[in-house]
Protein chains: 2
Amino acid sequence: MPTLSLKANQMPASPIRKLVPFAQQAKKRGVHIYHLNIGQPDIQTPNKALEAVKNLDTHVIAYSNSTGIESFKEKLVNYYKQVGIDTSSEEIIVTTGGSEALLFGFLSCFNPGDEVIIPEPYYANYNGFATAAGVKVVTITSTIDDEFALPPINAIESKITPKTKGILICNPGNPTGALYTKEALTELANIIKKHDLYLFADEVYREFCYDGHTHESVMQFSEIHQNIVLMDSLSKRFSMCGSRIGVFLSKNKDLTNAATKFAQARLSPPTLGQIMGEAAFDEPASYLNEIITEYKSRRDLLVDGLSKITGVKVAKPKGAFYCIAQLPIDDSNKFCQWLLEDFQYNGKTVMLAPATGFYANPELGKKQVRIAYVLNKEDLKQAIECLKEALEKYNNLN
Amino acid sequence: MPTLSLKANQMPASPIRKLVPFAQQAKKRGVHIYHLNIGQPDIQTPNKALEAVKNLDTHVIAYSNSTGIESFKEKLVNYYKQVGIDTSSEEIIVTTGGSEALLFGFLSCFNPGDEVIIPEPYYANYNGFATAAGVKVVTITSTIDDEFALPPINAIESKITPKTKGILICNPGNPTGALYTKEALTELANIIKKHDLYLFADEVYREFCYDGHTHESVMQFSEIHQNIVLMDSLSKRFSMCGSRIGVFLSKNKDLTNAATKFAQARLSPPTLGQIMGEAAFDEPASYLNEIITEYKSRRDLLVDGLSKITGVKVAKPKGAFYCIAQLPIDDSNKFCQWLLEDFQYNGKTVMLAPATGFYANPELGKKQVRIAYVLNKEDLKQAIECLKEALEKYNNLN
């Protein structure tokens with residue numbers, strides 16, 4: 001049997017994935033699981049998007065242009081204008097999910113061995129694409145005590161080596177819920193300019209900001225426009241994760257041309273997802289406003305509930321729909337597995353994401369978990385109750 | 001501005017893509033173009049597939065499992081059984097088009113610098129994925145005089161070096177329409193076994209065989225099951241290219257586990273495409289039979305028409321819906337551009353794919369073009385007429 005590639009061996013197996021068999025066994029035992037482990041919202045996809053596929057009037061589901069359907073791209077351009085980002089159809093490549101935007105960006109910008117700096121805890125799947133492109137992830141740690149703010153700029157700068165080719169941020173943050181300030185981003189833009197690095201900005205949770213905070217896009221820094229790869233996705237904005245529609249946006253023409261060649265090799269992003277996406281932008285603004293109100297009240301319920309559990313610490317999220325909680329436990333991998341394997345409370349349990357997978361050094365996430373507040377408030381309440389009982393029981397056992 | 005990656009610079013720009021601006025200009029001038037340049041069939045997507053999305057009864061377009069929706073995978077298992085391939089759900093990863101199956105395979109099997117042998121002329125987009133994975137493509141030339149049969153096994157074996165890690169075949173062939181014989185494939189399997197190489201088999205055109213020829217799958221060689229990556233797609237079989245549903249199939253458990261990690265990083269293949277695909281398998285067998293009959297009669301019309309043009313040579317395709325034609329021209333790139341830029345016949349012209357992009361050495365394709373017979377017979381007839389006029393005029397000019 002021929003050997004596997006080095007990349008295959010380097011590909012990280014996510015701590016969440018390792019829990020899946022235990023979740024399946026729990027379900028087989030009849031235990032109900034509250035899934036706080038994944039960013040799959042229960043929110044309804046916009047009616048206009050669903051109607052668009054239901055009223056499909058084509059007889060052939062054909063390839064679209066490799067960079068996307070023109071009329072959909074025009075809708076995207078208009079959307080970006082509304083959120084203060086001036087762009088054009090030529091600067092946009094429609095991708096198969098935000099993931100593919102990252103892949104095209106990594107392949108176009110980085111050589112194997114190049115380094116990309118990412119504030120941790122960070123979205124674990126970035127690792128997969130870094131491995132695919134042979135890029136080394138260098139992390140700079142943000143802390144729960146600092147509410148996972150962007151680390152001080154001199155700390156970030158100290159991580160820059162001759163091999164550093166870019167910095168990647170996720171804002172609003174998955175898994176932290178952090179929202180970076182304009183001041184912090186201005187400093188970051190200066191560093192990008194000074195060292196002539198690429199800035200990868202994952203802004204897929206752009207709209208999900210709470211308490212009057214507003215999202216600051218990196219696109220406001222025109223002096224680094226040639227350095228920016230904006231990664232976007234309709235998955236969370238319109239709760240259409242399964243449609244697999246993302247966006248690669250860059251004002252760097254050479255870079256967009258390079259990424260277009262990777263896009264052409266895979267022929268076309270999903271046509272039906274684009275049809276849905278185009279229609280979703282016709283949904284009235286009330287759709288998003290209602291969702292944001294809903295997430296805010298879920299967040300409040302969650303943070304309030306967690307705060308009342310002895311020994312639990314939370315950085316109140318200002319954006320997205322995740323929060324990192326520090327728990328009075330010895331090992332989050334062990335605890336999350338135990339929740340599925342050995343625990344139930346009134347026939348129910350909770351599935352959480354161990355934070356170990358969000359740090360380069362898993363030790364840093366050993367007492368932390370990520371909680372996605374993607375369940376309705378009644379379920380969320382029950383889930384918190386469940387977690388409270390679990391922590392008491394777990395700590396009496398250990 | 002930071003530099004682009006070496007891969008970005010290495011990514012080939014396809015000769016077909018270079019023609020697109022000329023096609024756009026021709027359309028602006030009001031010239032009708034017969035598109036024989038791409039594999040986008042005009043055939044209707046199965047009604048059951050279209051109905052499945054029209055009758056969608058979900059309110060959230062959610063992620064599916066990373067390796068695909070279980071009920072869809074069961075349909076795939078059943079389909080493979082019908083075509084003589086014994087498999088199970090665990091051996092299948094649903095991918096975003098056949099392209100992604102190739103990408104996952106290359107990333108899982110090959111290290112940068114490894115070599116993969118591909119008979120040429122070959123599907124040009126393989127280059128994109130080889131570049132993405134840093135894999136070197138080594139070609140072995142098949143010829144029009146030999147109807148693009150698999151080259152003699154000793155010729156293939158002579159290309160094997162210590163860096164060779166796999167062989168890739170496309171059968172039935174795009175762009176050649178060649179169908180490999182059982183004998184040739186048996187010899188290939190022996191070489192795979194002897195040198196312990198991976199065998200990538202692109203069998204997406206499996207059903208499209210004519211004149212009583214049957215498709216021979218590499219999966220019949222159980223002695224090399226651990227070496228095989230089967231790449232498949234529903235795009236052509238069900239004329240649903242835009243749904244972006246492909247399949248990675250391997251009986252090598254370690255390899256499937258590795259590819260699964262790449263699949264998990266991108267979360268999910270398109271959900272709507274899978275719903276369509278699942279329903280498409282419920283379409284009666286008459287659907288495919290009618291398509292195959294249609295393609296056969298188009299092929300006959302095309303080959304017959306081309307044979308009547310002085311100086312044109314065709315290898316009669318036995319499968320797929322492409323054919324390579326050798327034309328009495330100086331340069332296929334130049335000729336294909338001229339067709340769009342300077343020629344029209346009764347307000348019409350033809351767009352063809354220069355074969356230069358299908359060979360490692362473009363010179364080999366300088367007098368050849370690929371013709372996809374994806375138009376209805378009336379249009380195809382007109383297109384051949386158009387090509388005949390064009391060749392006369394072009395040769396009088398040169």
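Just so it is clear: chains get the letters A, B, ... in the order the sequence lines come, proteins before strands, and each one is counted from 1.
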Please classify the contact between [X] and chain A as side chain, backbone, both or neither, with a heavy-atom cut-off of under 4.5 Å.
| X | answer |
| --- | --- |
| B:S5 | both |
| B:T260 | neither |
| B:R266 | both |
| B:P41 | backbone |
| B:N257 | neither |
| B:L197 | backbone |
| B:L103 | side chain |
| B:F104 | neither |
| B:T96 | side chain |

Backbone N/O of B:S268 and side chain of A:R244: donor-acceptor pair under 3.5 Å: yes
Where is the tightest heavy-atom contact between [X] and [Y], given as atom of each residue plus distance?
| X | Y | result |
| --- | --- | --- |
| A:Y198 | B:P2 | OH-O, 3.1 Å |
| A:N125 | A:F129 | O-CD1, 3.2 Å |
| A:L234 | A:G277 | CD1-CA, 3.6 Å |
| B:D42 | B:V374 | OD1-O, 3.1 Å |

Polar side chain donor-acceptor pair, B:E90 to B:T256, under 3.5 angstrom: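 B:E90 vs B:T256: no donor-acceptor pair found between side chains.
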Say whether A:N227 and A:D196, considering side chains only, have a donor N or O and an acceptor N or O under 3.5 Å apart.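 Yes, because at least one side-chain N or O of A:N227 sits under 3.5 Å from a partner of the opposite role on A:D196.
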Answer yes if the ring centres of B:F200 and B:F110 are under 6.0 angstrom apart, and no otherwise. yes
Residue selection (most heavy-atom pairs with chain B, distance under 4.5 Å) from [options]:
| options | value |
| --- | --- |
| A:A132, A:G166, A:G97, A:S64 | A:A132 |
| A:K165, A:K261, A:H195 | A:K261 |
| A:E100, A:Q274, A:M276 | A:M276 |
| A:V20, A:L267, A:N55 | A:L267 |
| A:Q226, A:M1, A:E51 | A:M1 |
| A:Q40, A:M240, A:K7 | A:Q40 |

So which of [options] has the largest heavy-atom pair count under 4.5 angstrom toward chain A?
| options | answer |
| --- | --- |
| B:N127, B:I38, B:L272 | B:L272 |
| B:L102, B:I224, B:N9, B:V53 | B:V53 |
| B:S108, B:G134, B:G128 | B:S108 |

More than 12 heavy atoms from other groups under 6.0 Å of NZ on A:K253: no
A:F321: ring pair (Phe, Tyr, Trp, His ring centres under 6.0 Å) partners, not counting sequence neighbours: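 A:F321 satisfies ring pair (Phe, Tyr, Trp, His ring centres under 6.0 Å) with A:Y205, A:F208, A:Y295 only.
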Apply side-chain hydrogen bond (donor to acceptor under 3.5 Å, both in side chains) to B:K193 and list each qualifying residue two or more places apart in sequence or on a separate chain.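 B:K193 satisfies side-chain hydrogen bond (donor to acceptor under 3.5 Å, both in side chains) with no other residue.
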